[in-house]
Amino acid sequence: MRRCTIIYLQFWFVLILSMKLSSAKELVPALFVFGDSLVDVGNNNYLSVSLAKGNFLHHGIDFPTHKPTGRFSNGKNIADFLAEKLGLPSSPPYLSLVHDNVDDFTKGVSFASAAAGILNTTSKNIYLPRLDGTDGDGDGDQLSHFTITMDEQVEYYVKVRGVLDQKLGASNAATHLAKSVFIIAIGSVDIGVYLGLPHTSLKEKGSPRQLVDSMVLTIIGQLKRIYNNGGRKFVMIGIGSTGCLPSERIKTQNETCNEEFNYWNTKYNQGLQLVLKELESELPDFRYSYFNTYQFLLNILEQPLAYGFKEVKAACCGLGRLNADVCCSPVSNLCPDRSGYVFWDLFHPTEAVSRLLIDYAFDGAQQYSFPGDIQRLVSM
């Protein structure tokens, strides 16, 4: 009898200890995700007329289920790896919860949407064929459902804040959100549409300098709105060196980077860093960690072997020159060693690059993070 009692007590001791260890892994209560295809985990799957979807092969080939999920990756993306670091499940797509009539947002949710821009005008200038075979003209409701703009993502978040107030009480919800992390990865589509599309009406409204200034001014308002609705800790992912994407390299004879893209990416990143400093001074308890994606990616491209990569120009999945003439699809070429490629398709990084980015952003080299890394941010 005594031996059974000891075994019984040992069982409960181990169980309680394991529960404590499990809960200790959660560094923050929730993760809220905003942005474009770098962090989209499937919202666009629920946009009936959107063509910016990753819900077909070969996307997802290295995901745990080995099935496409809506992520533009062979596996997980930046948002997934950040959730893991924080001890949280991946934030589900907001539209999937709405579709299933689920309103549990306590662990966070993702509003990110492929092809989203900071500016509402960006999505209206994406020129793609409609599903009925006719061409979209950039007007009307058709393209409002092509993606979820950053303004719309913030609007969805405000609705979530209201739900949390009802479920947790206003005071508890405020505390919950103040401890949570808000990651934002957006901006490359705005610059890409402006510079990459020859007939975009954005060019009629101003110079590249004016575009970048407008982007910075707009994201200030978006950040303030999230802040006014409870957000306090922000992870800001700067725009990468997108001029070196396979989609840009194939436009040159010698497959070099598009320096015009890279130049304006850096100008936006510089403006973003300045306003983040200003917001930290202006808004009580506003905290952030900015990650220099531009330099991070450039260093990988210049010293690939040092980071464990072999192929820096060609996409793993696609067709044509550098596998970048045609988007990734079930009939595309597929590289056998995804871990050795920097780019998954003509626009997006492989799972290996996304994992490495978060490794550095969370507690890696300080050369990429300002004013500190994500681990420092969550401890504040």
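In what follows, residues are counted from 1 in the order of the sequence shown. These figures come from a predicted structure and were not determined experimentally.
A83 approaches P89 most closely through the heavy-atom pair CB-O, 3.6 Å. Of all heavy-atom pairs spanning R71 and N77, the tightest one is CG-ND2, 3.8 Å. Here the shortest heavy-atom pairing between Q295 and N292 reads N-OD1, 3.0 Å. Scanning both residues, A115 and F146, for their nearest heavy atoms gives CB-CE2, 3.6 Å. The two atoms that bring G318 and N323 nearest to each other are O-OD1, 3.2 Å, heavy atoms only. S37 and H348 get closest at one heavy-atom pair: OG-NE2, 2.6 Å.
At least one donor-acceptor pair closer than 3.5 Å links the side chain of Q153 to the backbone N or O of I148. Judged by distance alone, with hydrogens and angles left aside, the side-chain atoms of T147 form a donor-acceptor pair with the main-chain N or O of A116 at under 3.5 Å. A distance-only check finds no donor-acceptor pair linking the side chain of Q375 to the backbone of F362 [under 3.5 Å]. No side-chain donor-acceptor contact under 3.5 Å links D345 to the backbone of C317. Judged by distance alone, with hydrogens and angles left aside, the side-chain atoms of R161 form a donor-acceptor pair with the main-chain N or O of N229 at under 3.5 Å. A side-chain donor-acceptor contact under 3.5 Å links N43 to the backbone of S110. With hydrogens and angles ignored, the 3.5 Å screen pairs a side-chain donor or acceptor of K233 with a backbone N or O of M380. Without hydrogens or angle criteria, S289 side chain to G372 main chain gives a donor-acceptor distance under 3.5 Å. Put simply, the side chain of S281 gets close to the backbone of K277: a donor and an acceptor are under 3.5 Å apart. With N74 contributing its side chain and D62 its backbone, the two residues share no donor-acceptor pair below 3.5 Å.
Going from atom CD1 of I358 over to atom CD1 of I183 covers 5.0 Å, rounded to the nearest 0.5 Å. If you take CG on N45 and CG on N55, they are separated by 4.5 Å, rounding to the nearest 0.5 Å. Taking CG of N265 as the start and CD of E260 as the end, the distance is 10.5 Å to the nearest 0.5 Å. One finds the OG1 atom of T69 at 13.5 Å from the NZ atom of K53 (value rounded to the nearest 0.5 Å). Distance check, rounded to the nearest 0.5 Å: CE of M236 to OG of S369 gives 13.5 Å. The distance from atom CG of D36 to atom CD1 of I239, rounded to the nearest 0.5 Å, is 8.5 Å.
F63 and V33 fall into different hydrophobic clusters, where Ile, Leu, Val, Met, Phe, Trp and Tyr are joined by side-chain heavy atoms under 4.5 Å apart, directly or via other members. Grouping the Ile, Leu, Val, Met, Phe, Trp and Tyr side chains by contacts below 4.5 angstrom, directly or via other members, places I374 with F296. F105 and V102 end up in the same hydrophobic cluster when Ile, Leu, Val, Met, Phe, Trp and Tyr side chains are linked at under 4.5 Å. The cluster map of Ile, Leu, Val, Met, Phe, Trp and Tyr, joined by side-chain heavy atoms under 4.5 Å apart, puts I61 and V353 in different clusters. Each of L319 and L57 belongs to its own hydrophobic cluster when Ile, Leu, Val, Met, Phe, Trp and Tyr are linked at side-chain heavy-atom distances under 4.5 angstrom.
Between L279 and Y288, every side-chain heavy-atom pair lies at or beyond the 4.5 Å cut-off. Inter-residue side-chain proximity for K85 and D359 is flagged as met; some heavy-atom pair is nearer than 4.5 Å. Between H176 and K167, the closest side-chain pair of non-hydrogen atoms is not below 4.5 Å. Side chains of K76 and P64 form a contact here, defined as non-hydrogen atoms less than 4.5 Å apart. Side-chain contact check for L82 versus L31: some heavy-atom pair is nearer than 4.5 Å. Using a 4.5 Å heavy-atom threshold, the side chains of E248 and T242 count as separate. You'll find the side chain of L223 stays beyond 4.5 Å of the side chain of L283, heavy atoms only. Counting heavy atoms from C-beta on, the side chains of L298 and Y294 come closer than 4.5 Å.
Under the 3.5 Å distance criterion, with hydrogens and angles disregarded, no donor-acceptor pair is assigned to the side chains of T149 and D151. In summary, the side chains of S207 and R209 do not present any donor paired with an acceptor at a separation below 3.5 Å, with no hydrogens or angles considered. Side-chain contact annotation: D80 with S90, donor-acceptor N/O pair under 3.5 Å present.
By the 6.0 Å contact criterion, NZ on K67 is open, its count of non-hydrogen atoms from other residues, nucleotides or ligands being 12 or less.
Here Y46 and Y94 keep their ring centres 6.0 angstrom or further from each other.
Ring geometry for F34 versus F182: interplanar angle under 30°, hence parallel rather than tilted (30 to 60°). Between H59 and F72, the ring planes are perpendicular. Angles over 60° get that label, and only those under 30° would be called parallel. Using a 30° and 60° split on the angle between ring planes, F32 and Y157 fall in the perpendicular class, above 60°.
Looking at residues two or more places apart in sequence or on another chain, you find no ring pair (Phe, Tyr, Trp, His ring centres under 6.0 Å) involving F347. Every residue two or more places apart in sequence or in another chain was checked for a disulfide (SG to SG under 2.5 Å) with C327, and none qualifies.
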Inset, instruction - Check the pair R376 / D373 against side chain to side chain contact (heavy atoms under 4.5 Å, CB included), numbers first and verdict last. - result: CA-CA 5 Å; R376 174 180 176 271; D373 57 32; 3.4 Å; yes
Inset, instruction - Apply side chain to side chain contact (heavy atoms under 4.5 Å, CB included) to the pair Y268 and I118, showing each step before the final yes or no. - result: CA-CA 12 Å; Y268 168 76; I118 295 171; 3.3 Å; yes
Inset, instruction - Could you give me the CA-CA distance, side-chain angles and deciding distance for D40 and S113, then say whether side-chain hydrogen bond (donor to acceptor under 3.5 Å, both in side chains) is met? - result: CA-CA 5 Å; D40 186 357; S113 174; 4.8 Å; no
Legend entry - Trace of the side chain to side chain contact (heavy atoms under 4.5 Å, CB included) decision for D213 with L217: CA-CA 6 Å; D213 290 344; L217 193 62; over 6 Å; no
Inset, instruction - Could you give me the CA-CA distance, side-chain angles and deciding distance for C257 and N262, then say whether side chain to side chain contact (heavy atoms under 4.5 Å, CB included) is met? - result: CA-CA 8 Å; C257 298; N262 286 346; 4.0 Å; yes
Legend entry - Candidate pair Y290 and F370, rule ring-ring contact (aromatic ring centres under 6.0 Å, His included), full reasoning: CA-CA 5 Å; Y290 169 83; F370 183 86; 8.1 Å; no
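For the pair R232 and F286, the cation-pi criterion (under 6.0 Å, within 45° of the ring axis) is not fulfilled.
Cysteines C335 and C316: SG-SG separation is under 2.5 Å.
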